Amino acid sequence: MEDPRISRVKPRSGREIVLFPLPLQGHITPMLQLANILYSRGFSITIVHTHFNSPKSSNYPHFNFQPIPDGLLEGQASTVDFIALVTLMNVTCVGPFRDCLAKLFSDASNDRIPCCLITDPVWHFTQAVADELNIPRMALRTSSISSFLAFCALPLMREKGYLPLQDSRLEEAVPELPPLKVKDLHVINSKDPEDVLRLIIAMAETMRASAGLIFNSFEELEPTKLAECRRRFPVPIFTVGPFHKQSVETSTSLLPQDRSSISWLDKQEKPKSVLYVSFGSLSIVSEAQFLEIASGLANSGRPFLWVVRPGSVRGSEWLEALPSGFLEGLDGRGHIVKWAPQHEVLAHPAVGGFWTHNGWNSTLEAICEGVPLMCMPFFGDQRVNARYVCNEWRVGLHLEYKVERKEIEDLIKRLMVSDEGDEMREKMKSLKREADECLQDGGSSYRSLQKLTEYLVSF
Ligand code: UDP
């Protein structure tokens, strides 16, 4: 049965888009959102996915799902060394993916005309497969444009001597990549650091060879970086974000969302009083940091909703490290869940700040709801996003030096109850306005989506 919210869309044209997300939460979510957007434009959708972290197909009865074996052995499917995992899967998935794609495209009929493949660019092997089968392939980069360009610059950063990172140079500015400091360069730890550079080079080369790039961002947010990206990647580029504001709200969550987040927020009487705290689907803190975070939240005196993902505190299953009676001692001022309905939380009138790890989805979701940020990036593009939030857009405060209770308490107070915090809230409001406007008839993302649709139909 079709979801009644979805039946308002254009009639199916018979044209089908095949999408292949990288099996990590922050990559699956925008890919499925893009699929929903394209579905609403009249395309049929097939999602090819690995067994590892497979999306919940029951949430998408209107899509066709094609699982492929990922070739991972017991114990290899760990996201601790993300680079090692995707390097391996770029090899093990080649055969199964080629067979699946060849079948999908050769089984075309009048009702089903597959016209284009859209993959995450981290799946760089897919370009060779698409070339071999003569299928146009586009890439959806799920990060910001700014952090994507900084990522591509890592080989140059090594040539210039910024990498490997040296403690004495961490605070230096990187003149080639303003406003970044040396410490903001994407550090992704992996057992073989060469794997990171090989991955970037392969990704950038296959993006240049692709039929086009899609970003979950909007022109007004990153105008100079978009222009630079167009110069450096001479293929059609479409900025059609923010995705989640255009597609029907279907849960892409790999973990069950705890609805008590919303009922607890409903009980908060003061608007914009609550700090929402979540560090995404991958970040891990030490037990010592966890205790500093807990004390900082308690000492700030502000109400907080805190997502502690199971396994996100090193050495603990969930909350064992928390001092006994911690929540009880707060008398209802704090609420902890394993996973929250984040879009709804950020849109809730009681929420006035978001302590985030600055994953791109979380950052963009906060912009769309006008919620200012407290930034604590962990790795990869998060550091770049945090720098842009704090130094370029000026809508957040950076917890940059120490994860310490006093520092945390002070920053929370500055964000939630100070003129400085109010100023950032105002700036966030104007970014939110731009995000709203770019999606309206004639807005930049609206027009870009129009062009993308025409482009896809032309294949
Ligand atoms: N998310 C959620 N509930 C939570 C925490 C996160 O639904 O309790 C979602 C969030 O809305 C975002 C995604 O998980 O869409 C996290 O993606 P992001 O790029 O921010 O970070 P990553 O998990 O990739 O580090």
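Start at 1 and go down the list; that is how both ligands and their atoms are numbered. The structure displayed is predicted, hence computed values, not measured ones.
- Ring geometry for Phe20 versus Trp123: interplanar angle under 30°, hence parallel rather than tilted (30 to 60°).
- The shortest separation from a heavy atom of His357 to ligand 1 is under 4.0 Å, placing the residue in contact.
- Taking the side chain as every heavy atom from C-beta outward, Leu255 and Lys338 never approach each other to under 4.5 Å.
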Report task. Quick one: do Tyr60 and Tyr39 satisfy ring pair (Phe, Tyr, Trp, His ring centres under 6.0 Å)? Show the steps, please. Result -> CA-CA 11 Å; Tyr60 298 88; Tyr39 184 86; over 10 Å; no
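- Atom numbering of ligand 1 starts at 1 in the shown order; those under 4.0 Å from a heavy atom of Gly280 are 23 (O).
- Taking the six-membered ring where the residue is Trp, Phe65 and His49 present perpendicular rings, their angle passing 60° and hence far from 30°.
- Under the side-chain contact (heavy atoms from CB on, under 4.5 Å) criterion, Asp381 pairs with Ser143, Ser147, His186, Trp360, Asn385, sequence neighbours left out.
- Across Pro341, Gly359, Ala340, Ser362, heavy-atom proximity to atom 7 (O) of ligand 1 is greatest for Ala340.
- Looking at Trp360 against ligand 1, only its backbone comes within 4.0 Å, counting heavy atoms.
- For Asn361, heavy-atom contacts with ligand 1 shorter than 4.0 Å involve the backbone as well as the side chain.
- You'll find the side chain of Ile201 reaches within 4.5 Å of the side chain of Pro155, heavy atoms only.
- Using a non-hydrogen distance threshold of 4.0 Å, Trp306 does not register as a contact of ligand 1.
- Considering backbone and side-chain atoms together, Glu365 places an N or O closer than 3.5 Å to an N or O of ligand 1.
- Close N/O approach between Ser281 and ligand 1 is found [any backbone or side-chain N/O within under 3.5 Å].
- No part of Phe279 comes within 4.0 Å of ligand 1, judged by heavy-atom distances.
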